[in-house]
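Have a look at the structure below before the remarks.
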4 protein chains.
Amino acid sequence: MVYRRTPAVVTRLEDNRSRILAAARDLVAEGGWQHAHVASVARKAGVATGTVYRYFPSKAELFAEVLANVSRRERDVVAAIVDGEGTPSVRLRGAVEAFAKRALQGRRLAYALIAEPCEPEIDRARLVWRGALCEEFVRIIEIGQQQGSFRACDARIVGTCVVGAFMEALVGPLAPEDLGDDAVAQALIREISDTCLAIVALSRPAGRLRRIA
Amino acid sequence: MVYRRTPAVVTRLEDNRSRILAAARDLVAEGGWQHAHVASVARKAGVATGTVYRYFPSKAELFAEVLANVSRRERDVVAAIVDGEGTPSVRLRGAVEAFAKRALQGRRLAYALIAEPCEPEIDRARLVWRGALCEEFVRIIEIGQQQGSFRACDARIVGTCVVGAFMEALVGPLAPEDLGDDAVAQALIREISDTCLAIVALSRPAGRLRRIA
Amino acid sequence: MVYRRTPAVVTRLEDNRSRILAAARDLVAEGGWQHAHVASVARKAGVATGTVYRYFPSKAELFAEVLANVSRRERDVVAAIVDGEGTPSVRLRGAVEAFAKRALQGRRLAYALIAEPCEPEIDRARLVWRGALCEEFVRIIEIGQQQGSFRACDARIVGTCVVGAFMEALVGPLAPEDLGDDAVAQALIREISDTCLAIVALSRPAGRLRRIA
Amino acid sequence: MVYRRTPAVVTRLEDNRSRILAAARDLVAEGGWQHAHVASVARKAGVATGTVYRYFPSKAELFAEVLANVSRRERDVVAAIVDGEGTPSVRLRGAVEAFAKRALQGRRLAYALIAEPCEPEIDRARLVWRGALCEEFVRIIEIGQQQGSFRACDARIVGTCVVGAFMEALVGPLAPEDLGDDAVAQALIREISDTCLAIVALSRPAGRLRRIA
DNA sequence: AATGAATGAGAATTCATTCAT
DNA sequence: AATGAATGAATTCTCATTCAT
């Protein structure tokens with residue numbers, strides 16, 4: 001009882017909590033939601049199953065926090081770039097490439113967190129963070145529009161398209177699987193960031209050009 | 001044997017199989033894979049659970065067929081447009097808009113079939129059809145490139161981006177939910193098809209233009 | 001209705017009944033009771049599942065009849081030998097060898113009918129026919145005892161032992177599997193019939209001899 | 001972890017595992033494999049069905065262990081006698097009688113474990129232990145042959161016959177059912193062991209004696 | 001008489017959550 | 001605070017039997 005406030009125990013508690021979170025994250029990174037059972041998490045964290053429930057009220061909330069932790073980090077990285085130096089184009093390209101590089105390092109995790117839903121409650125958490133990530137892209141698009149670098153468009157919708165485009169090409173089920181070669185990965189990232197820039201580029205789409213001509 | 005040829009029985013046989021398929025599809029359309037249990041399908045189809053197994057060897061094969069049926073239809077619609085008349089730009093825009101219109105009519109179903117996985121076996125079927133749909137977009141991009149209407153790029157990657165872009169904006173978790181208003185839906189579709197055209201448009205990306213200039 | 005008595009239909013009925021019985025027997029001969037489903041029987045017999053129930057009130061009664069048919073034939077063969085010519089020893093040996101030869105021609109069937117139980121109701125039928133077969137061996141033992149050729153013993157118990165001995169060696173799970181070679185089969189049958197004769201031979205068992213000596 | 005060493009918990013763990021095994025064994029002893037369902041075992045053991053799966057990965061492995069436990073004990077008893085004192089005849093007789101006495105105490109169980117198959121996986125376990133038991137009888141026969149006490153024969157085949165003979169008379173479907181009377185049981189056992197000795201006795205089979213004479 | 005689709009009770013197995021220790 | 005065994009509802013699949021046609 002008294003111990004509760006002693007740093008040692010707090011550390012211990014935090015230790016356990018962190019280890020459970022880390023174990024959960026690693027499990028998702030390895031096998032997606034399919035194998036992310038509470039018992040597996042506990043085993044990997046080196047605690048008893050019941051202990052998981054001392055720190056998290058339910059499986060869903062545990063994994064929602066896993067998702068939030070990872071997603072927040074990605075969002076922050078992107079946000080820092082959006083708020084950084086350079087033209088809107090440079091920043092948009094930088095944000096896409098930064099996200100891509102990180103996602104490619106842990107694609108299974110990225111896929112699970114981004115695209116692979118399972119329980120509705122976890123899905124809700126995903127929605128929040130996917131929205132937060134998208135928001136950053138909406139922001140840079142709006143900045144670009146204000147500066148006259150990007151074409152006029154509904155930034156919210158186009159931002160969603162940008163996110164969809166690079167995610168699908170990076171971690172979607174149709175994304176190339178053999179990215180062991182760094183050069184191949186670099187080329188993929190380049191192509192994707194070119195594509196995302198094209199989405200917001202000033203020039204009118206080809207279809208309209210013709211019609212006008 | 002003899003009965004097989006009587007229209008009444010043929011109808012009846014087809015009826016049940018179709019009703020099971022329809023029930024399965026509707027269930028997915030309503031609640032995603034989460035609630036797509038064999039027992040629910042049977043109840044909704046008005047048959048016994050065992051009857052489901054007369055027509056489908058397993059739950060996975062039933063839902064794989066649901067997925068294939070819907071997906072094939074979408075793929076065929078898109079393919080017809082890709083093989084149709086008009087400039088590559090007109091055709092790409094047409095394909096995107098046709099898919100969008102249809103997807104918006106049953107977004108929950110579209111989402112489940114496109115993005116929401118569950119059992120690995122069903123997932124495999126999804127992959128096939130998602131790949132087939134993507135292939136159509138790759139094709140029109142390549143046609144556009146050959147005719148000089150679209151920019152030089154890796155058609156496969158960019159095709160994936162196009163698919164990701166419009167799917168995310170249409171049925172992804174960030175897609176707008178209140179599309180009851182037809183005008184709003186029309187505007188969304190327009191914006192998405194503009195965006196997809198922008199992806200392949202001839203003009204060089206804005207980011208590079210600046211740098212060069 | 002009227003047709004019922006016309007020979008053609010009677011033939012047809014008998015035809016169907018026989019085909020169902022034959023199909024059932026063949027199925028057991030191929031895969032034991034494990035795969036002896038009513039639907040499989042019907043398919044193999046070329047009739048509808050429901051038709052099986054026109055001729056047999058239940059699965060159990062169908063297979064009980066299969067069992068009875070085959071077993072009766074074996075019993076009759078053995079009975080004929082028991083009632084035939086020759087010394088009791090010759091007849092006992094003949095009966096064992098006749099049974100063995102026939103059993104080896106269809107060991108899966110023999111095993112299923114003799115040793116592999118499944119449903120209690122079928123088991124009851126097996127009991128009857130196994131008893132009938134055993135009875136023939138009891139008879140020949142008693143004849144041998146009356147003629148002073150066989151040792152004094154409880155013919156019923158020893159008859160059971162004889163049946164157990166040759167069945168175990170012939171179709172039991174420990175029986176040799178590779179009897180493709182006729183010479184090997186011949187040797188096995190010889191050894192078994194020697195053994196069965198030894199069971200009833202006049203000489204006192206070795207254990208007693210020693211003690212007396 | 002810590003608890004594991006406290007006797008109370010060890011007892012408890014062992015208790016439940018044992019109770020499940022005992023319940024499974026009793027269920028087989030009462031009704032054979034027919035009524036040996038996981039749910040019944042759990043009910044009889046006083047635990048939830050899920051608990052069974054904490055201790056055994058599958059129904060088949062649970063019952064395979066039941067079978068192995070009982071069979072190993074029987075095999076060991078027989079092996080000890082085979083490796084014990086006395087002439088081969090005395091030992092063979094002792095082994096048969098020991099097995100018989102034990103088998104008569106739980107005939108339904110003995111029958112189920114010895115003869116009544118059900119699931120192929122359990123069957124495989126049975127085969128192993130039945131073979132192990134048989135092996136002991138083969139061994140004593142070979143010992144007897146080496147010492148000149150038993151007749152020349154294929155020990156493997158004749159060992160199988162011995163096992164078949166006493167099993168059939170003891171627990172086979174033709175074995176007498178009313179063995180409540182100890183005297184009757186004693187007489188049965190005596191007759192069976194006499195018979196098994198006769199199988200290996202030195203004297204030439206009667207059939208041959210006659211012919212030669 | 002024949003058909004064979006439909007039935008539905010059952011059986012095995014999983015896993016998030018609880019709770020006595 | 002930690003443990004981890006126990007729970008049991010939920011889910012998929014099977015197959016003997018029935019019955020409308």
Side-chain angles (χ1 to χ4, degrees), chain A residues 1 3-4 9 12-13 16 35-43 46-60 62 119, chain B residues 1-4 6 8-9 12-13 15-17 36-42 45-60 62 119, chain C residues 1 3-4 9 12-13 16 35-43 46-60 62 119, chain D residues 1-4 6 8-9 12-13 15-17 36-42 45-60 62 119:
Chain A
M1 308 299 169
Y3 296 153
R4 265 187 194 159
V9 172
R12 199 154 195 258
L13 285 179
N16 262 355
H35 300 103
H37 304 149
V38 175
S40 316
V41 170
R43 201 182 317 120
V47 299
T49 336
T51 306
V52 173
Y53 284 85
R54 176 159 297 280
Y55 296 100
F56 302 92
S58 72
K59 184 196 177 191
L62 162 60
E119 319 203 13
Chain B
M1 297 294 181
V2 173
Y3 292 150
R4 267 197 189 147
T6 71
V9 171
R12 201 159 198 264
L13 283 179
D15 219 25
N16 252 356
R17 195 173 198 284
H37 306 145
V38 175
S40 316
V41 170
V47 299
T49 46
T51 303
V52 173
Y53 286 88
R54 168 163 294 279
Y55 296 100
F56 304 92
S58 71
K59 183 196 173 189
L62 162 59
E119 319 202 11
Chain C
M1 308 299 169
Y3 297 151
R4 266 188 191 158
V9 171
R12 197 152 194 256
L13 283 180
N16 263 355
H35 301 103
H37 304 149
V38 175
S40 315
V41 170
R43 202 181 318 121
V47 300
T49 336
T51 306
V52 173
Y53 284 86
R54 177 158 297 281
Y55 296 101
F56 303 92
S58 72
K59 183 195 177 191
L62 161 60
E119 319 202 13
Chain D
M1 295 294 186
V2 172
Y3 292 152
R4 265 197 190 146
T6 72
V9 171
R12 198 157 201 266
L13 285 178
D15 219 25
N16 251 357
R17 195 175 198 280
H37 305 146
V38 175
S40 316
V41 171
V47 299
T49 45
T51 305
V52 174
Y53 285 88
R54 169 164 294 280
Y55 297 101
F56 303 92
S58 70
K59 183 195 174 189
L62 162 60
E119 319 203 10

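Below, chain A is the first sequence line, B the second, and so on; all start at residue 1.
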(request) Would you name the heavy atoms of Val52(D) and Ala42(D) that are closest together and state the gap between them? (result) CG2-CB, 3.9 Å
(request) Please report the shortest heavy-atom distance between Pro57(A) and Tyr53(A), naming the atom on each side. (result) O-CD2, 3.8 Å
Between [N] ([atom2]) and [X] ([atom1]): distance, integer Å:
X        : N       : atom1 : atom2 : result
Arg54(B) : dC19(F) : CZ    : C1'   : 14 Å
Phe56(B) : dA5(E)  : CZ    : P     : 14 Å
His37(A) : dG4(F)  : NE2   : C1'   : 18 Å
Lys59(D) : dA12(E) : NZ    : P     : 4 Å

(request) From the options dA12(E), dA1(F), dA16(F), select the nucleotide whose nearest atom is closest to the side chain of Tyr55(A). (result) dA1(F)
(request) Check every atom of dA16(F), dT7(E), dC13(F) against the side chain of Val38(C) and return the nucleotide holding the closest atom. (result) dA16(F)
For [X] and [N], is the shortest distance between a side-chain N/O and OP1 or OP2 below 4.0 Å?
X        : N      : value
Tyr53(D) : dT7(F) : no
Thr49(D) : dG8(F) : no
Thr51(B) : dA5(E) : no
Asn16(C) : dA1(E) : no

(message) Heavy-atom nearest nucleotide on DNA chain E for Ala39(D) versus Ala48(C): which residue maps closer to 5'?
(response) Ala48(C)
(message) Let's test this: given Watson-Crick or G-U wobble pairing with both distances under 3.5 Å, identify the partner of dA20(F).
(response) dT3(E)
(request) Could you grab the distance from atom NZ of Lys59(D) to atom NE2 of His37(D), nearest 0.5 Å is fine? (result) 5.5 Å
(request) Measure the CZ-OG1 distance between Arg17(D) and Thr51(D) for me, rounded to the nearest 0.5 Å. (result) 13.5 Å
(request) Report which part of the nucleic acid Val47(C) touches: base, sugar-phosphate, or nothing (heavy-atom distance under 4.0 Å, all strands). (result) sugar-phosphate
(request) Could you say whether Ala60(B) or Gly46(D) is positioned toward the 5' end of DNA chain F, judged by the nucleotide with the nearest heavy atom to each? (result) Gly46(D)
